[in-house]
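No hydrogens, no waters, no symmetry mates; every other heavy atom, side chains included, goes into these values. Starting from 1, each residue takes its place in the sequence as its number. The structure presented is a predicted model; accordingly, all values stated were derived computationally and were not measured.
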Amino acid sequence: GFELARDFIELLELVKRLHRDRERSRAISSADLSANAKPLEPSQLARLDSFLKQSDLSSMIRSQAICTVSPGNLSAQVIMRELYISIADLQQTMLPDHDLAANLWLFQYLTQTLDQRMLYLLVRNQDSALNKSFSINLNVDSVLSQAFLDFDKALPEAKRRTVVIEFQKIDIFGDFQAFLFARDFVRERGYRICLDGLDQYTLPLFDREALGLDLVKIYWSPAMADDPTGTHLPKMQAAVDLLGRSRACLCRCDSEEAVRFGQS
């Protein structure tokens, strides 16, 4: 039993731990649901790819806020929005018993088609998103395509500084020379560049300035907060300080624990 006046701090820590465990188990159980899905086969990819090239995917475009959250204050200030095509909705609509991302290389190919559709829809719709700060995740090859040139032409020159192009690390290092060419091209046009897909282990490996990056995105996972040796957090803090605190974005933050970790 607890005596509130004496054991308040201990009780508070217990409640926080129970809350954290509940958030984590909820995330795990939703991941388990997709664990039974079958991976995409090459023949299915070909049919899906052909269908997507002719489909209007505007109903699957999502907007996700990227915010600053000051230490000691959980109220968030939106600084830009990430635009993306929902893979979960696409999967549920097209192949509900399959996991589109299970086969990494087939999924990578699929994202190139999704890039083309996203760029086409942004140009065609000319919606309010083009007048605000936003980011889009593109493959290196997509940046060198006609679809991107059309998008670039449709975007007022003054607006390019408000657009962030996100590249996945797997795509950057798959063909590093192609990335360097694409990087220089988009930077000369005025866009900013973000490296997406880092975690606590890969974060210290990348030199942001040497790679010519403006921002990096780090995937949150509850394992980041599990630090029995007391060494993980100081290493991450040092890595973030090195790349610049205003240059780091902690993403997939779906809990208070994630936000508080980001503040630390």
Side-chain angles (χ1 to χ4, degrees), residues 57-58 60-68 77-87 108 110-198 202-203 206-219 240 242-252:
L57 302 180
S58 12
M60 294 187 188
I61 291 185
R62 301 288 177 265
S63 172
Q64 181 170 267
I66 299 172
C67 307
T68 57
Q77 179 185 354
V78 178
I79 54 173
M80 73 172 73
R81 293 189 173 274
E82 179 181 356
L83 303 179
Y84 63 98
I85 292 175
S86 170
I87 301 299
Q108 197 67 14
L110 180 65
T111 60
Q112 293 186 35
T113 298
L114 295 178
D115 287 353
Q116 303 289 319
R117 302 307 293 158
M118 170 66 89
L119 291 167
Y120 168 76
L121 290 168
L122 285 173
V123 171
R124 190 196 71 177
N125 295 344
Q126 284 291 316
D127 57 22
S128 58
L130 295 181
N131 297 318
K132 299 173 183 173
S133 294
F134 68 93
S135 70
I136 47 175
N137 206 309
L138 296 176
N139 286 276
V140 168
D141 287 345
S142 300
V143 165
L144 306 175
S145 70
Q146 185 60 47
F148 185 81
L149 294 178
D150 294 339
F151 165 78
D152 179 69
K153 188 176 178 182
L155 196 68
E157 188 175 345
K159 298 293 181 186
R160 291 181 192 142
R161 285 300 303 167
T162 69
V163 178
V164 175
I165 309 293
E166 299 183 23
F167 293 120
Q168 291 288 333
K169 66 179 186 295
I170 188 174
D171 193 33
I172 287 180
F173 294 101
D175 187 341
F176 193 63
Q177 288 303 315
F179 160 68
L180 294 177
F181 184 83
R183 178 203 66 186
D184 292 345
F185 170 65
V186 296
R187 288 194 77 140
E188 284 168 12
R189 303 296 295 162
Y191 301 97
R192 288 179 291 165
I193 301 174
C194 175
L195 173 60
D196 190 10
L198 300 187
T202 53
L203 176 62
F206 294 93
D207 186 326
R208 180 185 63 77
E209 290 186 348
L211 287 171
L213 306 168
D214 299 286
L215 302 162
V216 300
K217 281 173 73 174
I218 307 150
Y219 287 177
V240 169
L242 197 60
L243 63 88
R245 297 186 67 80
S246 63
R247 307 287 187 153
C249 175
L250 190 66
C251 58
R252 299 182 176 175

What's the separation between atom [atom1] in [X] and atom [atom2] in [Y], rounded to the nearest 0.5 Å?
X	Y	atom1	atom2	result
L215	I165	CG	CD1	12.0 Å
D115	S145	CG	OG	8.0 Å
C251	K217	SG	NZ	5.0 Å
I218	L203	CD1	CG	4.5 Å
I85	I61	CD1	CD1	5.5 Å
N137	L83	CG	CG	11.5 Å

With sequence neighbours left out, write down each residue that passes side chain to side chain contact (heavy atoms under 4.5 Å, CB included) with [X], or none if nothing qualifies.
X	answer
L242	none
D184	E188
F206	K169, F173, L195, L198, T202, L211
R189	D152, R160, F185, Y191

For the residue pair [X] and [Y], what are the closest heavy atoms and their distance?
X	Y	result
S58	L121	N-CD1, 3.7 Å
G190	R161	O-CD, 3.1 Å
A248	V240	CB-CG1, 4.2 Å
V78	A65	CG2-CB, 4.1 Å

Query raised in the report: What's the verdict on side chain to side chain contact (heavy atoms under 4.5 Å, CB included) for Y84 and Q64, showing C-alpha distance, side-chain angles and the deciding distance?
Result: CA-CA 8 Å; Y84 63 98; Q64 181 170 267; 3.8 Å; yes
Requested in this report: State which residues pass side chain to side chain donor-acceptor pair (under 3.5 Å) with D150; sequence neighbours excluded, sorted by chain then number.
Outcome: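 For D150 the side chain to side chain donor-acceptor pair (under 3.5 Å) partners, ignoring immediate neighbours, are Q146.
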Query raised in the report: In chain order, what residues pass the side chain to side chain donor-acceptor pair (under 3.5 Å) check against E209, with sequence neighbours excluded?
Result: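 With sequence neighbours excluded, E209 shows a side chain to side chain donor-acceptor pair (under 3.5 Å) to no residue whatsoever.
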Got [X] and [Y] here, is their nearest side-chain heavy-atom distance under 4.5 Å?
X	Y	value
L119	I136	yes
F134	V164	no
Q77	C67	no
V163	R192	no

Please confirm whether the backbone N or O of [Y] pairs with a side-chain atom of [X], one donor and one acceptor, at under 3.5 Å?
X	Y	answer
D207	A210	yes
R81	S63	no
R208	L243	yes
D214	I193	yes
D196	Q168	no

Requested in this report: Check the pair M80 / T162 against side chain to side chain contact (heavy atoms under 4.5 Å, CB included), numbers first and verdict last.
Outcome: CA-CA 8 Å; M80 73 172 73; T162 69; over 6 Å; no
Query raised in the report: Yes or no on side chain to side chain contact (heavy atoms under 4.5 Å, CB included) for D141 and D175, after CA distance, side-chain angles and deciding distance?
Result: CA-CA 10 Å; D141 287 345; D175 187 341; over 6 Å; no
Query raised in the report: Is the NZ or CZ atom of R252 both under 6.0 Å from the centre of the six-membered ring of Y219 and within 45° of that ring's axis?
Result: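 Judged by the rule, R252 and Y219 form a cation-pi pair.
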Query raised in the report: Can you list the steps and then say if L180 with F176 is a side chain to side chain contact (heavy atoms under 4.5 Å, CB included)?
Result: CA-CA 6 Å; L180 294 177; F176 193 63; 3.7 Å; yes
Query - Test item: side-chain donor near acceptor, S135 and E166, under 3.5 Å - result: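 Looking only at side-chain atoms, E166 and S135 do form a donor-acceptor pair, the distance falling under 3.5 Å.
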